[in-house]
Protein chains: 2
Amino acid sequence: MPEDLVRPDAMYKQLAARLAQAISEGEYEPGDLLPSETQLMERYGVSRPTVRSAVAELRSMGLAQSQHGRGTLVRSVALPATVIDRTVTRSGKRFTVGWEADEAEFPAVTRGHTTGVTAQLLDREEEAAFIVDRLLTDTTGTRTTHRVTIPFDVAHDVPELAKSPDTEPAAIYAALTAAGHTLTWTEYVTARSPLPDERAALRMPDTGPILVTYRVTLNGDDRPLILEELHTSAERAQLAFRVTAEKAPARRR
Amino acid sequence: MPEDLVRPDAMYKQLAARLAQAISEGEYEPGDLLPSETQLMERYGVSRPTVRSAVAELRSMGLAQSQHGRGTLVRSVALPATVIDRTVTRSGKRFTVGWEADEAEFPAVTRGHTTGVTAQLLDREEEAAFIVDRLLTDTTGTRTTHRVTIPFDVAHDVPELAKSPDTEPAAIYAALTAAGHTLTWTEYVTARSPLPDERAALRMPDTGPILVTYRVTLNGDDRPLILEELHTSAERAQLAFRVTAEKAPARRR
DNA sequence: TATCATTTGTTCGTATGTATC
DNA sequence: CGATACATACGAACAAATGAT
């Protein structure tokens with residue numbers, strides 16, 4: 001019989017909640033080792049599987065991280081170090097994006113179609129498009145995947161893009177501007193748990209969430225031109241947006 | 001001995017990866033029930049704990065959701081329905097924020113201090129401040145917590161804020177503007193797994209990530225005035241930012 | 001309405017493998 | 001090398017929710 005954990009509402013959940021509280025109260029500091037599974041068994045009078053379930057909860061909450069053969073570490077809950085600045089700056093015909101990172105590999109260009117979310121955001125159903133995939137690495141080693149989708153009709157109007165769709169976003173903005181477009185962007189941000197291949201691509205050792213952003217480049221008539229998609233580990237990076245007050249109350253969907 | 005799962009690299013992970021792939025290939029459609037644990041045991045020749053670990057992986061990936069006594073459902077991977085528009089619009093002396101929601105309760109005003117992240121973003125060490133907490137609910141029932149931190153020195157300069165710190169953000173912007181400030185905002189976005197009390201406050205049944213944003217209101221000299229913090233379930237809501245090209249290349253930290 | 005089979009949830013015990021120190 | 005600690009896997013039992021009979 002457990003010592004001071006009452007029955008209903010899963011003991012492993014109670015134990016997890018208690019340990020989580022102890023961590024957030026600073027009883028265990030980041031970098032500390034939690035008591036070993038054996039010690040927790042004895043301390044709370046529960047079996048090993050119960051302790052393991054509780055520790056698994058802590059891991060899934062991002063509060064702890066286990067190391068095989070060593071112990072379970074309390075993780076720091078500090079804000080991610082890398083700031084991905086999502087602002088766009090223009091001086092004359094040149095554009096600069098706020099965050100630059102090296103490409104870990106060459107951009108991969110494929111031909112595909114707009115589907116699902118991509119089709120919806122680009123307002124084009126099943127249209128052929130260039131798809132450019134990049135893997136970016138910043139100075140701290142944080143990895144980010146970046147995908148640009150350029151519909152064929154846009155590339156057709158801007159031959160520069162058709163020739164080399166794998167130019168950097170800032171250069172794409174410049175080419176679109178040179179072609180007579182006045183650009184604005186709308187960016188959607190969400191987060192989710194990574195799929196196995198995403199976690200592998202981003203080299204995420206643990207199972208934290210990833211940040212997902214969709215940036216739609218719009219022309220003066222608010223027609224979508226291209227789509228950029230960014231995936232990065234939320235534990236490694238945060239996004240930064242500069243917001244300024246707008247004048248006209250034109251809003252869409 | 002397992003039928004066609006080779007040994008090294010945890011069988012439960014292999015099984016999870018296989019089921020995840022089957023889901024993403026559409027073999028199991030959203031809303032479908034996965035085979036029961038007993039069926040999976042027989043199909044793959046593994047024990048029930050192994051099957052349960054694999055299904056737990058699927059849940060933590062957000063691909064499945066179990067229902068006691070019924071089975072395990074395949075979840076839809078669509079984008080969140082609610083869009084939280086983070087733009088700010090100004091017409092004359094009036095400000096409007098892009099996303100409005102009802103307050104589920106009255107705003108709770110407390111007095112506290114800037115600490116940790118709050119202190120860093122407001123560039124004030126351990127300064128006394130008003131803290132205003134709100135719980136917002138939109139028409140779809142999505143809940144969002146909103147915290148405003150107003151340092152005492154700012155409230156002192158703008159008596160309107162000291163009198164009623166629990167005014168809506170748009171009104172705070174107007175008051176700050178009336179006091180002679182020219183406002184811009186910087187917003188930081190990250191995501192993490194919710195702590196137990198956060199999950200409770202947002203009424204999140206499952207264990208997906210939450211989106212966390214910090215919006216810093218800056219005056220013309222880029223000095224931070226107030227801080228807004230938003231928490232919402234990433235499975236229920238996504239954020240939308242409008243990005244426009246800036247002129248001057250002034251950037252900070 | 002009540003019962004029953006099915007299904008997931010929880011907990012225990014036990015054994016073995018493997019990384020760390 | 002040995003002790004410790006986490007990782008994986010099996011078996012077993014009962015509880016609790018669900019849906020159909």
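Note that the structure is predicted; figures quoted are calculated from it, not measured.
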Donor-acceptor contact present, side-chain R134(B) to main-chain D166(B), <3.5 Å
yes
Nearest-0.5 Å distance that lies between atom CZ in R18(A) and atom CG in L15(A):
7.5 Å
Rounded distance in Å - CG (L40(A)) to P (dT11(C)):
15 Å
Can you measure E57(B) atom CD to dA9(D) atom P for me and round it to whole angstrom units?
11 Å
Select base, sugar-phosphate, or nothing to describe what T72(A) touches, counting heavy atoms under 4.0 Å on all strands.
sugar-phosphate
Answer yes or no: does a side-chain N or O of K13(A) lie under 4.0 Å from OP1 or OP2 of dT10(C)?
yes
What's the closest nucleotide to the side chain of A10(B) if the choices are dT8(C), dC10(D), dT8(D)?
dT8(D)
Ignoring backbone atoms, establish whether T50(A) has a side-chain N or O less than 4.0 Å from OP1 or OP2 of dT10(C).
no
Taking for each residue the nucleotide of DNA chain C bearing the nearest heavy atom, is the 5' side occupied by R48(B) or by V51(A)?
R48(B)
Shortest side-chain distance from M11(A), nucleotide among dT11(C), dA7(D), dT8(C):
dT11(C)
Think R70(A) has a side-chain N or O under 4.0 angstrom from the OP1 or OP2 of dC21(C)?
yes
Counting heavy atoms not belonging to E126(A), are there more than 12 under 6.0 Å from its CD?
yes
Please give, in whole Å, the distance from dC6(D) P to L73(A) CG?
10 Å
In whole Å, what is the span from the CD atom of Q39(A) to the C1' atom of dC6(D)?
13 Å
OP1 or OP2 of dT11(C) under 4.0 Å from side-chain N/O of Y12(A):
no
For the residue pair T140(B) and T82(B), confirm or rule out a side-chain donor-acceptor distance under 3.5 Å.
yes
R59(A) CZ - dA5(D) C1' separation (whole Å)
13 Å
Counting Watson-Crick and G-U wobble pairs only, both distances under 3.5 Å, name the nucleotide matched with dT18(D), or none.
dA5(C)
Mind calculating the distance between CE (M41(B)) and C1' (dA9(D)) to the nearest angstrom?
12 Å
Within this structure, what is the NE2-NE2 distance for the pair H146(A) and H231(A), rounded to the nearest 0.5 Å?
11.0 Å
Mapping Q67(A) and S53(A) to their closest nucleotides on DNA chain C, which lands nearer the 5' end?
S53(A)
Give the rounded distance in Å between these two atoms: CG of L15(A) and P of dC12(C).
11 Å
Rounded to whole Å, how long is the line connecting atom CD of E37(B) with atom P of dA17(D)?
16 Å
Looking at dA16(D), does its base get a donor-acceptor pair with the side chain of H68(B) below 3.5 Å?
yes
Looking at dG9(C), I'd like to know if its phosphate oxygens (OP1 or OP2) sit under 4.0 Å from a side-chain N or O belonging to R52(B).
yes
